[in-house]
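These numbers come from the heavy atoms of this one structure, side chains and all, not from hydrogens, waters or symmetry mates.
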Amino acid sequence: MADMSDQPLEARYPARIAVYDDAAAAPRVVVVEASDVRSYLEEVTATVVRLEKEQGGSIPFTVIREVVENYIHAYFIEPTISILDGGQTIRFSDQGPGIPEKDRALEYGTSSATEEMKRYIRGVGSGLPYAQQFMEDHGGSLTIEDNIGGGSIITISMLAPEDEGYAGEAMQAFPQGAYPQAGYAQPQMGAVQMAPAQGYPAPLPGYAPQGYPQQPAWPGAWQGAPMGAPTMGQGYSQPWPQQQMAPGMPAGMPGAQQAPVANPGAPFEMALSQRGWQILTYLMTHESVGGADLARTFGSSQPTWSRELKALEDKGLVKKQAGGQRRELTASGRSFIQQHPQG
């Protein structure tokens, strides 16, 4: 990262705002001319908000303002803003010194603001962490990437991040002692599993035991589960009863089937994606993790890993560190890993 602390803090470059009204056509470009720093920040923010709303976007003024104010750390060098996806995605790029420690830039209290910068912004390290928190809480994302040839790109989007191969990735529920390995069989959607025959009387002739479809690929209600049954994410210590009492057969008579009783001490089951397991594996040897760490270690994009971290947080397996955006294991997460040791 180049040291630019001796550079004068002034808006010398116009901000170019590209509005992609039609993905098949060139964007229209709106230019905000350079002026004094305070007026420049206000005019750029107001113009982006206006153009975003015209496109039908729902990203709020406060989030846009925080990201625009971050241009002060780039010394306002070649700011370019792209409004995409009907205003639901905005990309802010510059050719300033860049942000080498991207995860730390998203932690509250981390700031490189100089005294001169603090004349125009708070400078307490709250801007980008707040913006990311808001976006994630509303199902969106904020990511930081390197620009071509230097500088940074900050993208905020209200759209769910997409990644190759992710949409069809099945969620997996592993039994105790099983851990996902290369080549682990993927569950087939809609398949019906029958309960083991051991310990159960044979069903009456002509009566086929009923099964339940396997759980869906995305957290949600169990398909085919009886009314009042726990939904996905609550955990259940044993599979649903797979054989049912024959119609009209009282308990104790041949062919009558009793539902197995759940063992409260048995480990709970939970459906996780393969990436979810990779995150838990990483946290077995690291104190905390951020999306950039996972992207460097396992590939794929930072938004994809941010979504996975949020999904694990919703399940109670990880939590954000106090005052930061990195995640660490919860007690439930450590217990879950212990109950599903790597084989």
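No side-chain donor-acceptor contact under 3.5 Å links Arg326 to the backbone of Glu107. Between the side chain of Thr281 and the backbone N or O of Trp277 there is at least one donor-acceptor pair closer than 3.5 Å. Although no hydrogens or angles enter the test, the distance criterion places no donor-acceptor pair under 3.5 Å between the side chain of Glu328 and the main chain of Val289.
Annotation for Val31: hydrophobic cluster partners, listed by chain and number, are Val29 (ILVMFWY side-chain heavy atoms under 4.5 Å, direct or chained).
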- Could you walk me through whether Arg122 and Glu66 pass the salt bridge (charged side-chain N to carboxylate O under 4.0 Å, His left out) test, one step at a time? CA-CA 10 Å; Arg122 290 184 299 274; Glu66 295 294 354; 2.7 Å; yes
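Arg65 pairs by the salt bridge (Lys or Arg N to Asp or Glu O under 4.0 Å) definition with nothing, not counting sequence neighbours. For Tyr40, the ring pair (Phe, Tyr, Trp, His ring centres under 6.0 Å) test picks out Phe76, with sequence neighbours left out. Contacts of Tyr282 classified as ring pair (Phe, Tyr, Trp, His ring centres under 6.0 Å), with partners at least two apart in sequence or in another chain: His286. Every residue two or more places apart in sequence or in another chain that forms a ring pair (Phe, Tyr, Trp, His ring centres under 6.0 Å) with Phe134 is listed here: His138. Here Glu43 pairs with nothing under the side-chain hydrogen bond (donor to acceptor under 3.5 Å, both in side chains) rule; sequence neighbours left out. Qualifying salt bridge (Lys or Arg N to Asp or Glu O under 4.0 Å) partners for Glu69, counting only residues two or more places apart in sequence or in other chains: none. With sequence neighbours left out, the ring pair (Phe, Tyr, Trp, His ring centres under 6.0 Å) criterion links Tyr120 to no other residue. Partners of Ala113 by side-chain contact (heavy atoms from CB on, under 4.5 Å), not counting sequence neighbours, listed by chain and number: His73, Ser111, Met117, Lys118, Ile121. Remark: Glu42 engages no residue in a salt bridge (Lys or Arg N to Asp or Glu O under 4.0 Å) (not counting sequence neighbours). In this structure, the side-chain hydrogen bond (donor to acceptor under 3.5 Å, both in side chains) partners of Thr62, at least two apart in sequence or on a different chain, are Tyr130. For Arg28, the salt bridge (Lys or Arg N to Asp or Glu O under 4.0 Å) partners two or more places apart in sequence, or in a different chain, are Asp21, Glu54.
Asn147 contributes atom CG, which lies 4.0 Å from atom CD1 of Ile153 (distance to the nearest 0.5 angstrom).
Closest approach of Val48 and Ile83 over heavy atoms only: O-CD1, 4.1 Å.
Contact annotation: the side chain of Leu84 never approaches that of Gln55 to less than 4.5 Å [non-hydrogen atoms, C-beta and beyond].
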